[in-house]
Number of protein chains: 2
Amino acid sequence: MSKYKEVYNDIKEKITNGTFKAREFLKSESELARKYSYSKDTIRKALSMLELDGYIQKIKGKNSMVLENGRFKNSLSNLRTSKELNQIENINIKTNLIDLRLIQGDSELMRIFEVSEEALFYRVLRTRVLDGEALEYEKTYFDKRIVPFLDKKIAESSIYDYLEKKLHLKISHSRRDIKFRYATEDEKKHMDLKDFNLVVVIESHTYLSNGTLFQYGVNLYRPDKFVFSTVAKR
Amino acid sequence: MSKYKEVYNDIKEKITNGTFKAREFLKSESELARKYSYSKDTIRKALSMLELDGYIQKIKGKNSMVLENGRFKNSLSNLRTSKELNQIENINIKTNLIDLRLIQGDSELMRIFEVSEEALFYRVLRTRVLDGEALEYEKTYFDKRIVPFLDKKIAESSIYDYLEKKLHLKISHSRRDIKFRYATEDEKKHMDLKDFNLVVVIESHTYLSNGTLFQYGVNLYRPDKFVFSTVAKR
DNA sequence: GAGTGGTCTAGACCACATC
DNA sequence: ATGTGGTCTAGACCACTCA
């Protein structure tokens, strides 16, 4: 764990658990530097990350101010797994594995991954059931050259835990497009859409630290059940 | 203009105009430092911003790689005004001012801005018409203590240009919540929603560099017409 | 004027990819 | 072994806020 991440996590924890409250001011950068016995620049790096993630606002000439953070539900500025999200909203969520298989020759996937027709992909279909309603339907595709093995047990829990802790993949970032479209018949079958004919679609492309695309996925949500928050810097 | 912003803009320009193409590699940080005659750290700051904004990916042990950027339409990771968006999608967009007035005593606004009932707000209602269809409906509220004057002429062009260039407001960041709900009768009247009864809602709270909330707004879009892209870092 | 955050530098050392 | 990006430091100077 690098020093700036340690400081970042420490302060973030104190903000989320209420030790530092919204509208309060942090200690100055030089005081924090003394307190942690790190250089001012290391503290600054931690504070910059906290600002990017919407926890604090730096104000020139004054100390940094703690922002309210309660509004954040599904934060898209952080890359979160569904499991992490569950811990935030402490409600009854259950993951159901619908299907897990190897597929080959899908032209759409060949285009996305820029591979030839021999390429193999794991396809994972899962739903997330929240208080008895299937509100999320997830279709995920993994490049088998990078994820050589997946089984039912892994797919029923957290795939990302497995990728990072067991396969030691270094995940860099994810590009996400949010859009809206009519649900297909298959989607209507697996989701509890009530009267809604539209679904929220989050398409994601996830890359490793070396720039390789290894995952493509589509997550579908019932429109009335999800809010996404971001912080946009000027 | 700071040095790192100069480098950021220079490289960003070369990526967007095609001088640097996707999957190509940039020069190394030390080469760039020599080329611009700036320190390595200044170059690194520029590259980090480019990475955050999804233009490049830094790869340890190798040079930084240019990412494809064509997919970005409405990027929520940058704070963009509608006018800037228009320049990107060079299609026929027209802004219509529906209403501009001072309002007072709205309890919802009093709660959001945390002010008492004497507080005055400018309310601006506008639509954006794209190839003849009113696809965006914008309701914006400004704290009159910070924006003391607005008129028809300003509201019909770019309000943000006015705020930054004339009033010299320093805009820091904006919190945005994306959600979906049924359209109201008023919204159906002003927008060309076709058969859609749902609208995409982007609620925004915009803050100055000193931490003051000065703008609250709701932007509504027809669901089939907009895509929002973000880059989420792990 | 004193203190704060913002920019910039030069140099050290580490981890990683490549040959 | 070489070059790359990542972390960390110490110090300088600037712009801003506030009393």
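Note that the structure is predicted; figures quoted are calculated from it, not measured. Heavy-atom basis, side chains included; hydrogens, waters and symmetry copies ignored. Letters go in sequence order (proteins before strands), and every chain restarts at 1.
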Ignoring backbone atoms, establish whether [X] has a side-chain N or O less than 4.0 Å from OP1 or OP2 of [N].
X	N	result
A/Lys58	C/dG6	yes
A/Lys60	C/dT7	no
A/Ser30	C/dG3	no
B/Ser28	D/dT4	yes
B/Tyr4	C/dC8	no
A/Arg44	C/dG6	yes
B/Thr42	C/dT9	yes

Is there a donor on the side chain of B/Lys40 or the base of C/dG11 sitting less than 3.5 Å from an acceptor on the other? no
Between C/dG6 and B/Lys45, counting only base atoms on the nucleotide and side-chain atoms on the residue, is there a donor-acceptor pair under 3.5 Å?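 Answer no: no donor N or O sits under 3.5 Å from an acceptor.
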Salt bridge flag under 4.0 Å for residues B/Glu6 and B/Lys3: no
Name the nucleic acid region contacted by B/Asn63, choosing base, sugar-phosphate or nothing; use a 4.0 angstrom heavy-atom cut-off, strictly under. sugar-phosphate
Select base, sugar-phosphate, or nothing to describe what B/Leu47 touches, counting heavy atoms under 4.0 Å on all strands. nothing
Out of B/His173, B/Arg176, B/Gln215, which residue meets the side chain to side chain donor-acceptor pair (under 3.5 Å) rule with B/Thr206? B/Gln215
Let's see if you can work this out: which of C/dG6, D/dC8, D/dG5 has an atom nearest to the side-chain heavy atoms of A/Glu29?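 So the side chain of A/Glu29 is nearest to C/dG6.
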Among C/dC8, C/dG5, D/dT17, the one nearest A/Lys62 by side-chain distance: D/dT17
Compute whether any side-chain donor of one residue and acceptor of the other, for A/Asn17 and A/Thr19, lie under 3.5 angstrom apart. yes
Distance, rounded to the nearest Å, where B/Ile56 contributes CD1 and D/dG5 contributes C1':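 Between C1' of D/dG5 and CD1 of B/Ile56: 11 Å.
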